[in-house]
A.B. asks: 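Please read through the structure below; I'll follow up with questions.
Sequence lines set the chain letters: A, B, ... in the order given, protein chains first and strands last, and positions in each chain run from 1. Computed from a predicted structure; not experimentally measured.
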Amino acid sequence: AQSVTQLGSHVSVSEGALVLLRCNYSSSVPPYLFWYVQYPNQGLQLLLKYTSAATLVKGINGFEAEFKKSETSFHLTKPSAHMSDAAEYFCAVSHAGGTSYGKLTFGQGTILTVHP
Amino acid sequence: DVKVTQSSRYLVKRTGEKVFLECVQDMDHENMFWYRQDPGLGLRLIYFSYDVKMKEKGDIPEGYSVSREKKERFSLILESASTNQTSMYLCASSQRGRTEAKLFFGSGTQLSVL
């Protein structure tokens, strides 16, 4: 079985400050890991994904995440927050294997608020 | 532009009604999914389909069924709606054979059961 835990349901930062959203996973097989973002009244969009290539993954809008197997973590960061980054962020895990069909298990979500 | 379209943005139904939520994708994807989204719980998988007429239960299938008669369309059915099924429902699709393939999501249907 696989699971994802996002630490902190709400994170608040000032514009220009570092963004750090935490995600820890549990998986019995090598995982694929994802970060999705959901802007108000929209569906989810893929920010970035880890698929066992480079451990530091760069995504859209200046976000990146680092896969750390020893810590079972996949934290999302952005050096400088913009007002437009305010949204809900979801970490998700999948795994290789013919019967997974790309099913994702999602974390609880973290709402990011950016203050002027 | 690729799209996953959900038929209704908002839906209000009464307890005991049969409810149909429709989802259509135009990307020729084999895999389609229904999730429900609740505050503090994230997204939970209800059902998914990996081919026409094929379906498998997700993590919370109780009280739901699905239908996939055509490749592009995946319907979620609430046989007898209950108040605890009030939620945001999200449909998604992905390409077959690539477990790392991204999911494309619809904008969601906010269902209220009174």
A.B. asks: Which bit of A/E88 comes within less than 4.5 Å of chain B, counting heavy atoms only: side chain, backbone, both or neither?
C.D. replies: side chain
A.B. asks: Measure distances from A/Q6 to the heavy atoms of chain B and classify the residue's part below 4.5 Å as side chain, backbone, both or neither.
C.D. replies: neither
A.B. asks: What residues, two or more places apart in sequence or in another chain, satisfy side-chain hydrogen bond (donor to acceptor under 3.5 Å, both in side chains) together with A/K78?
C.D. replies: A/D85
A.B. asks: If two hydrophobic side chains count as joined below 4.5 Å and joins carry through other members, does A/L21 share a cluster with A/I111?
C.D. replies: no
A.B. asks: With a 4.5 angstrom heavy-atom cut-off, is it the side chain or the backbone of B/L43 that approaches chain A, or both, or neither?
C.D. replies: both
A.B. asks: So what's closer than 4.5 Å to chain B heavy atoms on A/L44: side chain, backbone, both or neither?
C.D. replies: both
A.B. asks: Indicate, with yes or no, if B/L103 and B/M54 share a hydrophobic cluster defined by side-chain heavy-atom contacts under 4.5 Å among Ile, Leu, Val, Met, Phe, Trp and Tyr.
C.D. replies: yes
A.B. asks: Using a 4.5 Å cut-off on heavy atoms from C-beta on, say whether the side chain of A/L104 contacts that of B/F33.
C.D. replies: no
A.B. asks: For A/K103 versus B/F48, what's the shortest heavy-atom pair and its separation?
C.D. replies: CD-CE2, 3.2 Å
A.B. asks: Taking side chain as C-beta onward, heavy atoms only, is A/Y36 less than 4.5 Å from B/K102?
C.D. replies: yes
A.B. asks: Flag yes if A/L48 and A/Y89 sit in one hydrophobic cluster, no otherwise; membership is Ile, Leu, Val, Met, Phe, Trp, Tyr, and two members link when side-chain heavy atoms are under 4.5 Å apart.
C.D. replies: yes
A.B. asks: Specify which of B/R44, B/Q37, B/Q110 makes the most heavy-atom pairs with chain A at under 4.5 Å.
C.D. replies: B/Q37
A.B. asks: Going from CZ on A/F106 to CG on B/L90, what distance comes out if it is rounded to the nearest 0.5 angstrom?
C.D. replies: 8.5 Å
A.B. asks: Under a 4.5 Å side-chain heavy-atom rule over Ile, Leu, Val, Met, Phe, Trp and Tyr, are A/I60 and A/F74 clustered together?
C.D. replies: yes
A.B. asks: Heavy-atom pairs under 4.5 Å with chain B - which of A/G107, A/G43, A/A92 has more of them than the others?
C.D. replies: A/G43
A.B. asks: Of all the heavy-atom pairs spanning A/N41 and B/R9, show the shortest one and how long it is.
C.D. replies: CA-NH2, 3.2 Å
A.B. asks: Give a yes or no on whether B/W34 and B/F105 share a hydrophobic cluster (residues Ile, Leu, Val, Met, Phe, Trp, Tyr; joining criterion: side-chain heavy atoms under 4.5 Å apart).
C.D. replies: no
